[in-house]
Visitor: 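The structure is given below, and queries will be raised subsequently.
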Amino acid sequence: MTSQRTRQRLVDRLSEQGVTNLQVLDVMGDTPRHIFLDEALSHRAYEDTALPIGYGQTLSQPYIVARMTEVLLGAAGKLERVLEVGTGSGFQTSVLAQLVPKVYSVERIKPLQDKARQRLRQLGLNNVELKHADGGFGWPEKGPFDGILSTAAPREVPAELLAQLGPNGVLVIPVGGNTQELRLIIRDGDSEDFVTQVLEPVKFVPLLSGVTR
Ligand code: SAH
């Protein structure tokens, strides 16, 4: 299940689906996705599907993790500080942490955050800070960020996230309700203007407000 061949098969699939960034493909092949799942599901960890992580939430499909990471890396100039909204299992967090110097991640469900923290520690990823909060407000004390990646979908792009983008900062975010689209939004220099590109239809859990213990 955790064999190098199983993981290589996943990487091959991702590149067939159009993921081309070699760094991203390497990290996807190196990251043990099975430790981000409960034992009963861990045998399915290297399938290219979203999987439940409890509390009605899901670990995103590997393709979408790879794709969002690739889009973020490709669109950003310097990428030193990245904010993730929706830590969930911590899988996307750990992929980011292997590619950028400093990752901040916010999760509204405390038990999910606790488990994610353990997994990141287990992998020795020390360049991540986690916060239990409503990530719709970003993490103002730690901003501005070079990149922000949301793994939960708001109906509209939160103004707070745009405000926390630094010069030429990049936001990758699913937006919508029953139908959603993945958007790439880039701050134009240090202006208050943003350029938006619609990438592809996606299906994420909703960005909810408030926190749960
Ligand atoms: N990146 C995660 C995906 C988890 S699903 C992974 O790789 O496993 C999206 C996550 O966003 C869920 O854990 C959900 O609880 C969280 N979420 C939803 N709304 C949120 C909000 N307002 N603030 C922070 N996290 C939120």
Side-chain angles (χ1 to χ4, degrees), residues 36 48-76 79 81-93 95-96 103-113 116 130-188 191-213:
F36 294 88
D48 190 25
T49 74
L51 291 166
I53 54 173
Y55 308 90
Q57 305 306 316
T58 55
L59 169 50
S60 307
Q61 180 194 4
Y63 166 74
I64 203 73
V65 173
R67 175 84 177 116
M68 288 174 81
T69 308
E70 169 174 86
V71 166
L72 185 76
L73 263 59
L79 198 56
R81 303 162 60 79
V82 171
L83 173 70
E84 177 191 28
V85 177
T87 315
S89 69
F91 180 73
Q92 170 80 70
T93 323
V95 167
L96 287 170
V103 178
Y104 300 88
S105 185
V106 184
E107 170 59 54
R108 63 181 290 279
I109 301 177
K110 182 73 172 128
L112 286 179
Q113 186 200 32
L130 302 180
K131 184 185 180 189
H132 179 228
D134 180 344
F137 297 102
W139 193 339
E141 298 79 13
K142 301 290 183 183
F145 301 98
D146 305 314
I148 301 178
L149 194 153
S150 181
T151 67
R155 295 276 174 165
E156 309 279 349
V157 177
E160 289 84 350
L161 297 185
L162 293 174
Q164 288 168 38
L165 286 178
N168 300 309
V170 173
L171 171 61
V172 180
I173 188 167
V175 183
N178 286 333
T179 63
Q180 298 171 6
E181 58 190 31
L182 188 62
R183 290 191 201 166
L184 165 63
I185 302 170
I186 307 179
R187 186 190 284 275
D188 187 3
S191 75
E192 291 303 315
D193 297 332
F194 298 89
V195 178
T196 298
Q197 223 179 304
V198 174
L199 299 179
E200 58 196 73
V202 286
K203 182 108 193 69
F204 278 83
V205 297
L207 186 87
L208 301 174
S209 40
V211 295
T212 70
R213 275 271 133 212

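Remember, predicted model here, so these are calculated numbers, not experimental data.
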Visitor: So which heavy atom on Pro140 is nearest to which on Gly138, and how close?
Guide: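 Where Pro140 meets Gly138 most closely, the heavy atoms are CD-C, 3.7 Å.
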Visitor: Using modelled atom types only, decide if a donor and an acceptor are shared between the side chain of Thr196 and the backbone of Leu184 within a distance under 3.5 Å.
Guide: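 Absent.
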Visitor: Would you say the side chains of Thr93 and Glu84 form a donor-acceptor pair under 3.5 Å?
Guide: yes
Visitor: Looking only at non-hydrogen atoms, find the nearest pair between Phe91 and Val65 and report the distance.
Guide: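 Taking Phe91 first and Val65 second, the nearest heavy atoms are CE2-CG1, 3.9 Å.
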Visitor: Show the nearest heavy-atom pair for residues Leu72 and Gly147, with the distance to one decimal.
Guide: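 The pair with the smallest heavy-atom distance is CD1-CA, 4.0 Å.
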Visitor: Between atom CD1 of Ile173 and atom CD of Glu156, what is the distance when rounded to the nearest 0.5 Å?
Guide: 10.5 Å
Visitor: Answer yes or no: is there a donor N or O on one side and an acceptor on the other, between the side chain of Thr151 and the main chain of Gly86, under 3.5 Å?
Guide: yes
Visitor: Report the distance from atom CZ of Arg108 to atom NZ of Lys131, rounding to the nearest 0.5 Å.
Guide: 14.5 Å
Visitor: Which distance, rounded to the nearest 0.5 Å, do you find between the CD of Gln57 and the OG1 of Thr87?
Guide: 11.5 Å
Visitor: Provide the closest heavy-atom pair for Ser150 versus Pro174 in the form atom of the first, atom of the second, distance.
Guide: O-CD, 3.1 Å
Visitor: Looking at Asp48 and Pro62, what are the two nearest heavy atoms and their distance?
Guide: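 Answer, listing the atom of Asp48 first, then Pro62: OD1-CD, 3.2 Å.
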Visitor: Can you confirm whether the side chains of Thr69 and Gln92 place a donor and an acceptor under 3.5 Å from each other?
Guide: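 Present: a donor and an acceptor within the cut-off.
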Visitor: Rounded to the nearest 0.5 Å, what separation is found between the CE atom of Met68 and the CZ atom of Phe204?
Guide: 4.5 Å
Visitor: Any heavy-atom pair between the side chains of Pro158 and Leu207 that's under 4.5 Å?
Guide: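 Yes. Closest side-chain heavy atoms under 4.5 Å.
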Visitor: To the nearest 0.5 angstrom, please state how far the CG atom of Leu165 sits from the CG atom of Asp188.
Guide: 12.0 Å
Visitor: Which heavy atom of Leu59 sits nearest to which heavy atom of Ser89, and what is that distance?
Guide: CD1-OG, 3.3 Å
Visitor: Indicate yes or no for a side-chain donor-acceptor contact from Asp146 to the backbone of Arg81 under 3.5 Å, with no hydrogens or angles considered.
Guide: yes
Visitor: Output, in order, the C-alpha distance, side-chain angles, deciding distance and verdict of side-chain contact (heavy atoms from CB on, under 4.5 Å) for Lys142 and Gln164.
Guide: CA-CA 9 Å; Lys142 301 290 183 183; Gln164 288 168 38; over 6 Å; no
Visitor: Between Glu200 and Leu182, is there a donor-acceptor pair closer than 3.5 Å when you use the side chain of the first and the backbone of the second?
Guide: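 Not confirmed, Glu200 side chain does not pair with Leu182 backbone.
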Visitor: CG/Asp193 to CG/Leu162 distance, rounded to the nearest 0.5 angstrom?
Guide: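 If we round to the nearest 0.5 Å, Asp193:CG and Leu162:CG are 11.5 Å apart.
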Visitor: After noting the C-alpha distance and the side-chain angles of Val85 and Val106, does the key distance pass the side-chain contact (heavy atoms from CB on, under 4.5 Å) rule?
Guide: CA-CA 5 Å; Val85 177; Val106 184; 5.5 Å; no
Visitor: Salt bridge or not for Arg187 and Glu192, using N-O below 4.0 Å?
Guide: yes
Visitor: Without swapping roles, check the side chain of His132 against the backbone of Pro111 for a donor-acceptor pair under 3.5 Å.
Guide: no
Visitor: Go through it in stages, so that I can follow the logic: the residues are Ile185 and Leu161, the test is side-chain contact (heavy atoms from CB on, under 4.5 Å), and I'd like the CA-CA distance, side-chain angles, deciding distance and then a yes or no.
Guide: CA-CA 11 Å; Ile185 302 170; Leu161 297 185; over 6 Å; no
